[in-house]
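Written below as structure tokens is the structure these notes are about.
Chain naming here is simple, since letters A, B, ... match the order of the sequence lines and numbering starts at 1 in each.
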There are 2 protein chains.
Amino acid sequence: MDTKLLFKQVYDYIMTRIDRGELKAHDKLPSIRLLASELQIHRLTVFRAYQMLKQDGKAYVREKSGYYVSTDDPEQELYEQTAIRPIEAPSHLKNYLSEIQRIPVVYQFSQSLIDPSLLPNLYLSEYVKKVFDIYPKLMGTYSSVQGDEELRDVLCRYMVRQLRVHLTANNLLITTGAQQAIDLLSRLFIRPMDAILVERPTYSAALDIFRQQGARFLDVEISPEGYDLDKVEMLMREYKPRFFYMNPTFHNPTGYTVPSAQRKHLVELAERYRCLLIEDDVFHDMYFEVPPPKPVFAYDTEGWVVYIRSFSKYVAPGLRICAVIGQPSVIEPLITAKSLADNGSPLVNQKIFLHYFQSERMQQHLEKLRIALQIRRDIMEEELASTGWTWVTPNGGLNLWIKLPDGLTVGTIRSESIRQSISFVPGTLFDPLREMQGWIRLSYSFVNEACLRDGTRRLADIAKRFK
Amino acid sequence: MDTKLLFKQVYDYIMTRIDRGELKAHDKLPSIRLLASELQIHRLTVFRAYQMLKQDGKAYVREKSGYYVSTDDPEQELYEQTAIRPIEAPSHLKNYLSEIQRIPVVYQFSQSLIDPSLLPNLYLSEYVKKVFDIYPKLMGTYSSVQGDEELRDVLCRYMVRQLRVHLTANNLLITTGAQQAIDLLSRLFIRPMDAILVERPTYSAALDIFRQQGARFLDVEISPEGYDLDKVEMLMREYKPRFFYMNPTFHNPTGYTVPSAQRKHLVELAERYRCLLIEDDVFHDMYFEVPPPKPVFAYDTEGWVVYIRSFSKYVAPGLRICAVIGQPSVIEPLITAKSLADNGSPLVNQKIFLHYFQSERMQQHLEKLRIALQIRRDIMEEELASTGWTWVTPNGGLNLWIKLPDGLTVGTIRSESIRQSISFVPGTLFDPLREMQGWIRLSYSFVNEACLRDGTRRLADIAKRFK
């Protein structure tokens, strides 16, 4: 007997019952044992079918209870799925975004990552070989906790040139991606119930990290004109947040850039109210045509800004190289936190990145990449033009932040999109208040041009159907 | 004027005053400004001299106050130095061991690491090139958060063969070294004031990590015969610890191995009292002549053991590959914790390690390495034979755990050792109660045979002087 077929038959059997309305949202599916016995098949076959239903978002699991029919509201569904954790698992640990991204689809618009085929993979693979000729003992060597000194030196000189700030290699700590930088800073500065200031909306994984540490959120909206600085000042004065986590350049998810004029003012507020600014500048190098304004960090003179700059994202994301830059009062305890967390990032990656970063090829690659991304942004905008959806054209970064027409909920289009193998991220994930129902983030950077056009067109068709 | 000389003169000037007793422990050194003016030299010269005094452990710094003369008690000194943190730094973040290891010495006996010249560096460097031929797009690819599936598959099959347990690749999570595994488990299971059970002594970095999470320690002594299981049972019953962190095979720092008979019993206790066992098996493959007993994990049937197995340490420590192995009830939330902490270890390292791990060369390397380490253990034991110090000869691992004669304090020999450029780790660091004054850990694995013999002989001379 062909078990593959059989398990698909069980899947279809359940789907048919759901479509007919015999099984409704939150109804319990027949137990595996019962259904196996009814259909006279092996329990593992039923198990596989249920697993597939779960994976497709058609069913969810309640610990020690069984499988249940999912709702059409993907938000609700997401909460339910993530609430289902074994007894031992603490409820404060969640990573909503990564759960959405794990759903396998053809039109992957939920990944704010660069299409691997835009990266200089082949060249780099050849390049790596040279690196191992230079450092034959590389594999046997640990990095220092702070990160390879040669790499810190090179990145430091690059930043000094680019930002015209005074820095030494000691102001830098190398982390495994920006994610680890945010996590270590959170562990350092947040105690349970501490207030922190965040943008609304903001990077959802950062919110998850802050929640894990037990933070309370104060929020300030980000618009194409920047922040309401009066509100920022009021919040700093009244609530003394531990820090303001900001992403002022090609902001994720909105793509907005806080104007230069506000940047200097933000540093003044930070000094006055002794509120650290954590500036996450992940998209700095991904501009279209015009480079972005100087980072807020460049205006800092008294050490109130910590600057997170991811470097490998646009070149070799497999290497995960990020630098946190700040004054010793922050970097020194951060090194201790890093030593406890993983005792230093692997050295191999750091050396490989170092040598590529110094090559001419690197600048050429970035220039080509910017053009390629701009073309993809244009394709997505073209295909969405007829939808009646609205957004502000981003001048850099990897995402469109879309406002849906009034009355259209994310849930409605999300179920249909997933059915058509299109994924995107619901706006609520980026909202510290979890309320922004009418927004979605579409990333145009991860799939190739043909796939991007095709998928966006399908999405536009869905949009028109619900107009 | 030769500033190098001048700064050394300032150094000597202060040292002379200390030696004469004009400056005593905890006395404040003259301010930099004052001394510069008295000696009519540049303030930076004084600053450099003071920095060097600090680096040599002769002076310490109090924030916003100045430089002070260190005590001869390195423990006390260590506390003082690490207490000096900028305002922003939380006091719960410490990594004592890494601070000791950062002191530059010739005879490095405080690093429980393999001498890089014992590693197959050149071979691996050639090998890596092949890996990039196999995966030309490797640099552009993120790993999944859980770790590369191919690697998990291979490690899983290896463990199944070696331990005869039932596992799939889903039972494994890849972390950046064992350190990260311990940290993620702590974040998952420890809330402030939670009791956890630890060995006395135990791995000091683990204690630092547990302290960071606010754990209370329950301790059980480890001896060459294992644990007092009645005490373990009493502690589990009375205090319900969140877990028992154990390192039962070639234990760090003692080198003791918990006998097989106790291992099964430990699993029964874990089940009965619902206390997770976290088994850190970092030295498993580093045995001399006879392989160690099966890990405690191999006796687990109900999912009460989480197994931490470091793989790259003996091969390519630059890669930092470790696996945490356990049931889905632990591994699933651990994946979420990992996704928040760094969103996955770099893929490049995982693929490089994977291919070497599967090669015949790997087994040959391990066999040679065991012999080399045994020879080093023998050299250290030979040279210490005349000291009157006592220890139990370890059958694996990288360390000797030395009991000093009654009356001799670690502080006494430590100052003299540092002066002779020998470093080791004071026993108190490994003690959850911070009391084990009469013990030190000597690692014989990090320096070459000649250096090992020379340094140990010097240490033995110091020992005899204080006999």
Inset, instruction - Flag the pair B:Lys338 and A:Asp183 as a salt bridge only when some basic side-chain nitrogen lies within less than 4.0 angstrom of an acidic carboxylate oxygen. - result: no

Inset, instruction - Enter the distance from B:Gln101:CD to A:Ser144:OG here, rounded to the nearest 0.5 Å. - result: 13.0 Å

Inset, instruction - Supply the atom-to-atom distance A:Asp342 CG to B:Ser345 OG, rounded to the nearest 0.5 angstrom. - result: 8.0 Å

Legend entry - Largest heavy-atom contact set with chain A, pairs under 4.5 Å, which of B:Gly344, B:Ser186, B:Ser143: B:Gly344

Inset, instruction - Mind ranking B:Val131, B:Val145, B:Asp115, B:Leu113 by heavy-atom pairs under 4.5 Å with chain A and telling me who comes out on top? - result: B:Leu113

Inset, instruction - Could you have a look at A:Ile321, A:Ile335, A:Asp133 and say which one has the most heavy-atom pairs with chain B under 4.5 angstrom? - result: A:Asp133

Legend entry - Among A:Leu124, A:Val128, A:Leu319, side chain to side chain contact (heavy atoms under 4.5 Å, CB included) partner for B:Val348: A:Leu319

Given a strict heavy-atom distance threshold of 4.5 Å, which part of [X] is in contact with chain B: side chain, backbone, both, or neither?
X        : value
A:Asn343 : both
A:Leu118 : neither
A:Ser117 : both

Side chain proximity check, [X] to [Y], heavy atoms < 4.5 angstrom:
X        : Y        : value
A:Asn121 : B:Leu138 : no
A:Arg187 : B:Gln213 : yes
A:Thr176 : B:Pro346 : yes
B:Ile352 : A:Met139 : yes
B:Leu340 : A:Arg211 : no

Inset, instruction - Report yes or no: does A:Gln179 contribute a side-chain atom to a donor-acceptor pair with the main-chain N or O of B:Ala341 at less than 3.5 Å? - result: no

Legend entry - Residue part contacting chain A, namely of B:Ile114, when any heavy atom lies under 4.5 Å: neither

Inset, instruction - Return the minimal non-hydrogen interatomic distance between A:Ser125 and B:Phe132, and the atom names on each side. - result: OG-CD2, 3.5 Å

